[in-house]
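Below: one structure, written as structure tokens.
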Amino acid sequence: MRNFIFTLILLCFYQSASAQVPGYPFSTYYSSQIYQGGIQNYAISQNEWGLIYVANNFGMLEYDGSSWRRFSLRNSTKVRDVLVLDTQTILASGQGEFGYFQLGQNGRLDYHSLIDQLPDSLQNLDEVWKIYRLHDQIIFCTLDVLLLFDHQLNFVSTVKKEGGAFESFHFQNNQLIINHKEAGLLILENGTLSGLEMATDFRENIITGILSLSNSRKLIFTRDDGIFLYTPSGHQAWSSDLSKLSLQINNAIRLKSGDIVIGTQRNGLFILDETGSIRMHMDKSSGLENETVLSLFEDLSGNLWVGHNNGISLIELSLPFNRIDRSIGLSGTGYTANFYDGKLYYGTNNGLSYQQLSQGGFEPLKEVSNTTGQVYQVVSVQDILLAAHNDGAMQIKDPSAEKIEGQSGVWNFIPLKDHPNYLIGGLYSGLALYEIDGQQVRFVRKINGFNESCRILQQDRDGIIWMTHGYKGVYRLELNDSLDEVEASFYGSENGLPSQLLISVWKINNRLLFTTEYGIYRYNAQLDRFEKDRFFAPYFEDDLLITSMVEDPLGNIFYIGSHEAGVLEKKINGEYQKNTAIFNKILPYLNDDLQNISLLGANEVLFAAKDGFIWYKLGSNSLPTYSYPTLIRSVVLTGSSDSLVSLTTSAYSNSDKTLKVSYNQANFRFEYTNAIPNQENNTQFQVWLEGLEEGYGEWTNSRVKEYTNLREGQYLFHVRSKNIYGQLGLEDSYSFVVRPPWYRSRVAYLAYILLGLAGGVLGYVWIEKSYRKKTARFKAVQQKALQQKESALKTSKEEIERLKFEKLQVEIKGKNKELASATMHLINKNSFIDHVKLHLNSIIKKSKNNEVKNELQKVVVSIDRNIADDKEWEQFEIHFDQVHGDFIQRFKKSHQTLSPQEIKLSAYLRMNLSSKEIAALMNISTRGVEIARYRLRKKLEMERSDNLQEYILKF
């Protein structure tokens, strides 16, 4: 009980001795090489989109959460101050120049000078140091004069103070307070300057800051003379932890939390509470890269931006985490920690270190000697601090450690429930027994009966030890009465466990929980089996493998899982409120070897990290309340050479014009971001090109999206973001139109319609004409076919007629031949009768008998009377010419000198008769025929080589 009370007293001291907490906030340093600017940063501001603006030696810097841009004044001089007037207007001032940057139609920040509005006598300015917005006035401050403009940035008037120059300018509670070299502190009211009470007391001081503690109490910070508390009744040095320090103060601001941040020339920055107690001091030894602080700014999320003489720092004061690492001199990977006897111990792979908690906070880190190497556990038992080490068990006696004789390779210690003066040590191989003898711990023996690696041990309410092995399963270990041997029982998948892999055991709610790959289990002693734990089922998914778990004195449960970390915050009714989102910040930093959460006290733990530890206190901070919007930063037409068409936060810009591009340029690259500080690699984005895609795609870390060869049409590009806490940023969008190619334009389609109509008409005409032609061709074919048929019929008829004619001709010819032949026979008969007649006349002449003569004379008369006239030849000519094509008539006409006998010879030759036949017809000899033929040749004037009969046949 005495030890318990002492521990509670120490915890109370730890909680109340100082508001300072161990370690330092997460921070990021941006060097001049990163932001591509000058070395001095005089002022910082921010707009409601989260964009950070910095007054830099090389111009005005803009930071969008992932990249930096730089903008110059008209004379490209140093920028001394920046002030965000609205989301599209940023006031800036510098050497001999002041004005404003405004978002233009193309999304660029264009600079507009205001110096031209001043009278000629005022235009030759030196430095414009500060810019303030006071009610509806904008005030530009020089060392000689205040330049007053209205809210529309029209010049109104000037304010001067004779008898000296202005020294510094300060804005508090919507009041502009000016330090004048002669008059001291002055306040600007209704366009005039009036002095504060006892204002002249500060005319010898260089005032670097004025902050209000209340309506009547102000803190006045001087560069070289410290800090004063100013009240209407007077002023005095402010009693604070800085009083004894010799500091050169450059500036001071008050945070939303009420704390005060002071920037110095050579000592970094201090964070104090209202009482003057130091909460935090950051300099080069604690991770602040540059100790000269020229400007301070608290952003929308409660983070602190620090402008240095060289570089810019972001300190994430809004997070409920502090890093305990090289910033305090701690090196190595964190494994275990413990708060004991006013000291915070850190066990790493490099040994054991500690920080003493004193009235002023945590003192510098010290090492515990003789602990070099891997430390697995730091635990206090009966006011004795022990370390489980790779080299064995160690007892910590500051400032060194004493090695306890015995086994090496100790994972952990647990006191035995029924044997309060004994400890069990889990070894690389088996168990060891240790005894507490007064204030000394000694090794007793190695316990027999079990030789497995015992990294995770817990003891249940019955004193039974449970050990879980990473890939073997669960072991139930029962010590015998003499504490020299254990009886081990193995439990695996056959005993209700989902598998034998990656099982751990933790003591939560005064009972043992077994975490597995597939949920949380508990041991049912009555059934001697494991079963699902239903109490925690609503809080943890079955696929969450819990690798570390601890319960604080208030019942809050902190845990690390395979894909999340968090806390179950215990409520009044005994249920839990699960919080995980805020822990997404530290997941990449956690130790992935032996994950561990070390309990420091109620609501307060240390997470073992790859580099040191991460401190967390429940309830100190919650999720960020400010939601940063998603911003489209640029729209580029890509191709052989990229063309920037818009440098914009499109949906929030003042441009209402829709970009229209030609079809052959429809290759886009969108660059977008979210200005969430220090989440360059963690913010995720979803995009959707309406007009091409059905909806949002997958979440990715990419801040660029490209589209190529888009078809013509109206498009709307959407992008939204999600921070590491799962909070969605407002969507941004950008609309554009891709014009169709000339052959798919409206004019082209109209032309196509007209051409189509014309083509239709022409087609109709052509089809009609073709139809007519086809019809005509068909008719012609039919006609031709008919004609061919008629011709064939006619030919057939003609052929029939010809055949008939030829047949008739043949018949006629035959008949003519027969007739000719008959005629010749008749001629021959007549010749014969005539011969007979001559012979009878000869007989008559020779006969003596008159009676015979008379009778013969009667016969001759009868012959003469019966012989017809010699018309046979004429009849022969007629029939002959019918057969031989009027040969006799043609031959006579051609050869008129021929005699009848020669005509007859020619006719006989035409009939192709032989000489003998001709001789008989002509009643001449064959020799006479030859002679007649010769004479005929002569008359026909034929050559000897010519054939007479052939000539006559061809005639």
Under 3.5 Å donor-acceptor, Asn591 side chain and Gly334 backbone: yes
Does the structure place the NZ or CZ of Arg720 under 6.0 Å from the centre of the six-membered ring of Tyr696, at an angle of no more than 45° from the ring's axis? yes
Closest heavy-atom pair and its distance - Asn412, Ala388: N-CB, 3.6 Å
Would you tell me whether Trp411 and Ser453 have side-chain atoms, one donor and one acceptor, within less than 3.5 Å of each other? yes
Say you draw a straight line from OG of Ser318 to OH of Tyr626; how long is it, rounded to the nearest 0.5 Å? 14.0 Å
No-hydrogen, no-angle side-chain donor-acceptor test under 3.5 Å, Gln374 and His389: no
Just verifying a value: how many Å separate Leu427 CG and Leu431 CG, rounded to the nearest 0.5 Å? 6.5 Å
Just checking, is any N or O donor in the side chain of Glu367 or Tyr354 under 3.5 Å from an acceptor N or O on the other one? no
Among Val567, Ile597, Val550, Leu568, side-chain contact (heavy atoms from CB on, under 4.5 Å) partner for Ile557: Leu568
Pairwise distance CD1(Ile546) to CG(Leu513) - rounded to 0.5 angstrom: 8.5 Å
Kindly say whether Ile582 contributes a backbone atom to a donor-acceptor pair with the side chain of Asn579 at under 3.5 angstrom? no
How long is the span from the OG1 atom in Thr336 to the OH atom in Tyr345, to the nearest 0.5 Å? 12.5 Å
Is it true that Arg703 and Glu671 make a salt bridge, defined as a side-chain N closer than 4.0 Å to a carboxylate O? no
Looking only at non-hydrogen atoms, find the nearest pair between Trp688 and Glu694 and report the distance. NE1-C, 3.7 Å
Distance-only side-chain donor-acceptor flag, Trp305 / Ser313, under 3.5 Å: no
As an exercise, state the distance from CG of Leu317 to CD1 of Ile315, rounded to the nearest 0.5 Å. 6.0 Å
Among Ile414, Val379, Leu386, exactly one meets side-chain contact (heavy atoms from CB on, under 4.5 Å) together with Leu423. Which residue is that? Leu386
When every non-hydrogen atom of Phe450 is compared with those of Val486, the smallest separation belongs to CB-CG2, 3.6 Å
In Å and rounded to the nearest 0.5 Å, what is the OH to CG distance from Tyr628 to Asp299? 4.0 Å
Just by distance, no angles: are the side chains of Tyr346 and Gln355 close enough, under 3.5 Å, to form a donor-acceptor pair? yes
Closer than 3.5 angstrom, by distance alone: can the side chain of Asn338 be matched with the main-chain N or O of Val378 as a donor-acceptor pair? yes
Under the side chain to side chain contact (heavy atoms under 4.5 Å, CB included) criterion, do Thr468 and Thr515 qualify, and how do the steps go? CA-CA 10 Å; Thr468 57; Thr515 56; over 6 Å; no
Would you say the ring centroid of Trp506 lies under 6.0 angstrom from that of Tyr559? no
State whether the side chain of Asn573 and the backbone N or O of Glu575 hold a donor-acceptor pair below 3.5 Å, judged by distance alone. yes
Phe26 vs Phe321, test: side chain to side chain contact (heavy atoms under 4.5 Å, CB included). Steps then yes/no. CA-CA 7 Å; Phe26 282 87; Phe321 304 106; 3.7 Å; yes
Honestly, is Lys722 close enough over Phe685, meaning NZ or CZ under 6.0 Å from the six-membered ring centre and within 45° of the axis? no
Step through the shown structure and confirm whether more than 12 heavy atoms of other residues, nucleotides or ligands are within 6.0 Å of CD on Glu494. yes
Result of checking Asn596, Asn349, Val410, Leu594 against Tyr376 for side-chain contact (heavy atoms from CB on, under 4.5 Å): Leu594
Residues Asp533, Arg511; criterion side chain to side chain contact (heavy atoms under 4.5 Å, CB included); working and verdict: CA-CA 11 Å; Asp533 186 89; Arg511 63 191 182 95; 2.7 Å; yes
Go through Val636 and Phe668 one step at a time and tell me if the side chain to side chain contact (heavy atoms under 4.5 Å, CB included) criterion holds. CA-CA 6 Å; Val636 179; Phe668 283 83; over 6 Å; no
Over 12 foreign heavy atoms within 6.0 Å of CD, Glu706: yes
When you measure from the side chain of Gln377 to the backbone N and O of Phe413, does any donor-acceptor pair fall under 3.5 Å? yes
Polar side-chain atom of Arg476 near backbone of Tyr491 as donor-acceptor pair, under 3.5 Å: no
Could you list the residues that satisfy salt bridge (Lys or Arg N to Asp or Glu O under 4.0 Å) with Asp552, not counting sequence neighbours? none
Short side-chain to backbone donor-acceptor contact, Lys610 and Pro588, under 3.5 Å: yes
Check: Phe583 ring centroid to Tyr616 ring centroid under 6.0 Å: yes
All heavy atoms of Asp391 vs all of Met394, minimum pair found to be CB-CE, 4.2 Å
Answer yes or no: is there a side-chain heavy-atom contact under 4.5 Å between Leu344 and Leu606? yes
With a 4.5 Å limit on heavy-atom distance, are the side chains of His563 and Leu544 in contact? yes
Mutual orientation of the aromatic rings belonging to Tyr734 and Phe670 [parallel < 30°, tilted 30-60°, perpendicular > 60°]: perpendicular
Is there a donor-acceptor pair under 3.5 Å between the side chain of Gln459 and the backbone N or O of Lys417? yes
Checking Thr630 against Asp732: is there a side-chain donor and acceptor pair closer than 3.5 Å? no
Might you confirm whether atom OH of Tyr518 has over 12 heavy atoms from other residues, nucleotides or ligands at distances under 6.0 Å? no
Which word best sums up how the rings of Phe535 and Tyr539 line up, parallel for under 30°, tilted for 30 to 60°, or perpendicular for over 60°? tilted
Could I get the full list of ring pair (Phe, Tyr, Trp, His ring centres under 6.0 Å) partners for Phe514, not counting sequence neighbours? Trp466, Phe530
Would you say Ser499 and Glu517 are linked by a side-chain donor-acceptor pair, where the criterion is simply a distance under 3.5 Å? yes
Is a donor from one side chain sitting under 3.5 angstrom from an acceptor on the other, for Asn723 and Gln727? yes
Is a side-chain N or O of Asn556 found less than 3.5 angstrom from the main chain of Lys570, in a donor-acceptor match? yes
Closest approach of Ser66 to Thr673 (non-hydrogen atoms, all atoms of both residues): OG-OG1, 3.1 Å
Side chains of Asn303 and Glu316: donor-acceptor distance under 3.5 Å anywhere? no
Check Asp528, Val505, Asp460 against Tyr523 for a side-chain contact (heavy atoms from CB on, under 4.5 Å) and give me the one that passes. Asp528
Is any side-chain heavy atom of Phe717 closer than 4.5 Å to a side-chain heavy atom of Glu690? no
Taking all non-hydrogen atoms of both residues into account, name the closest pair between Thr348 and Ser331 and its distance. OG1-O, 3.5 Å
For the backbone of Gly65 and the side chain of Tyr63, can you confirm whether one donor and one acceptor N or O come within less than 3.5 Å of each other? yes
Quick one: which residue pairs count as a salt bridge (charged side-chain N to carboxylate O under 4.0 Å, His left out) with a foot in residues 317-336, not counting sequence neighbours? Arg323-Asp325, Arg326-Asp611
